[in-house]
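Read through the structure below, which is laid out as structure tokens, and then see the notes.
All of these numbers come straight from a predicted model, not from anything done at the bench. Ligands are counted one by one from 1 in listed order, and the atoms in each one are counted from 1 as well. This chain uses plain numbering: 1 for the first residue, then up along the sequence.
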Amino acid sequence: MQYRYFTKDKLKVSLLGFGCMRFPIIDEDSGKINEAEATEMLHFAIDNGINYVDTAYGYHQGNSETFVGKALKNGYREKVYLATKLPVWLADSYEDFENLLDQQLKRLDTDYIDFYLLHSLHKKTWDKIVKLGIFKFLEDARDKGKIKYIGFSFHDEFPVFKEILDSYPWDFCQIQLNYMDRQYQAGIDGAKYAAEKDISLVIMEPIKGGKLANSPVDIQKVWDTSHIKRTPAEWALKWVYDFPEVSVVLSGMSTIEQVKENIELTNNSLPNSLTKEEHRIIDKVTSIYSEKIKVGCTSCEYCLPCPQGVAIPDIFSLYNNYYVYDTKEQSTSSYLKLIKDDKDASRCIECGECEQLCPQHLEIISYLKDGNQALSK
Ligand SMILES: NC(=O)c1ccc[n+]([C@@H]2O[C@H](COP(=O)([O-])OP(=O)(O)OC[C@H]3O[C@@H](n4cnc5c(N)ncnc54)[C@H](OP(=O)(O)O)[C@@H]3O)[C@@H](O)[C@H]2O)c1
């Protein structure tokens, strides 16, 4: 296992972190973790050098924290740095912050959380929690020993990331980064900016939630031009590992084989170790995938709430995935759920409110029609 420094205290964290959002489940119900298999996976990971475990209040329908608390019994808790996240969208008062943290400590069955993150910040939630006194709450919790290091995870555009990063002396932050999301949300600029400010960096979705693990024929042909044989997942992880700014890369592994494979491939992943040729191959794959993107939506959500309840960014994400990553079945069945929830594109009455708010100046109305046509097939 490779280790990199983390926070100004230079803690040694494993480059590969365990994301506790995609454990094996029973009956296709994400709330029912297959505890026997998941425990085996987590123990194997820790026994083989992983020392960063990342969960959150909401993962697995609220059951991830409780499961992790159980799985880290018998000495495993002491072997890892435990990260979890405050569900800021559930907090409407200062007392809510306190109650949620206490509930999380109880679920995790631990006296302290090593790395505490404000979960999934974007402009609206950020403005809300600042008004509710989030800084005082975090420092109070740290003074009481309930949390050790303070960070946040992020889902908005780069200017908002910069604003949040500049607002507080954070220990660390967590952003989405993979070779397809170089300029998405915080992106590479965000990674560099955090490093400039000496704020440690955790990466999520390095394989784009699994979408980069299965290459269609045209992409596989490009990988095959390399004399180094790697799986698509390995190419994706290696690309993120190559950034010296990155301390931890979280992967939400869902089988023991993935745990073994990812540990193995992390072993010799030093920063700046990919050759020019390897970068050229990955860049080529990025450009082939990118040509298939239908809508340049960044999911900033500035278009929301739609007066008709249309889930605009979700629809564009399904529409793009359908064509780019060939997720036809998955995209159409997720769209069916939006139809059932009255959030699909057919609800659009073309009022145009969203188009005035979109920072990318997308022709949302027209794209919604196209998306609806493709996804309703
Ligand atoms: N803070 C936030 O807002 C936020 C948001 C997202 C994620 N996260 C955290 O970040 C973690 C990482 O994100 P992620 O789970 O999306 O990571 P990811 O590594 O991009 O995706 C995980 C998926 O990739 C596939 N995979 C992993 N290793 C593989 C291998 N060796 N071979 C083939 N496929 C492989 C699996 O897909 P299959 O299951 O389809 O096989 C797995 O479920 C999460 O688990 C969570 O802890 C945080």
Select the closest option to [atom] among [options], judged by heavy-atom distance.
atom	options	result
atom 23 (C) of ligand 1	S254, G58, G210	G210
atom 16 (O) of ligand 1	R22, E257, M21	R22
atom 42 (C) of ligand 1	P232, A213, G252	G252

Looking only at side chains, do [X] and [Y] share a donor and an acceptor under 3.5 Å apart?
X	Y	answer
E157	Y302	no
D166	Y193	yes
Q2	N268	no

Ligand 1 contact on [X] by region, counting heavy-atom pairs under 4.0 Å:
X	result
H155	side chain
C20	backbone
S153	side chain
N262	side chain
P206	both
Q176	neither

Any non-hydrogen atom of Y59 lying under 4.0 Å from ligand 1?
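The answer is yes: ligand 1 sits under 4.0 Å from a heavy atom of Y59.
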
Taking every non-hydrogen atom, the tightest pair across R182 and T286
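For R182 versus T286, the nearest heavy atoms are NH2-OG1, 2.8 Å.
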
Checking side-chain contact (heavy atoms from CB on, under 4.5 Å) between Y322 and each of K328, Q330, E329, K292, which is the one that passes?
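Option passing the side-chain contact (heavy atoms from CB on, under 4.5 Å) with Y322: K328.
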
Main-chain N/O of G19 paired with D54 side-chain donor or acceptor, under 3.5 Å:
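No; judged by distance alone, with no hydrogens or angles, the pair does not exist.
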
Are there protein heavy-atom neighbours of atom 40 (O) of ligand 1 below 4.0 Å?
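No, there is none.
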
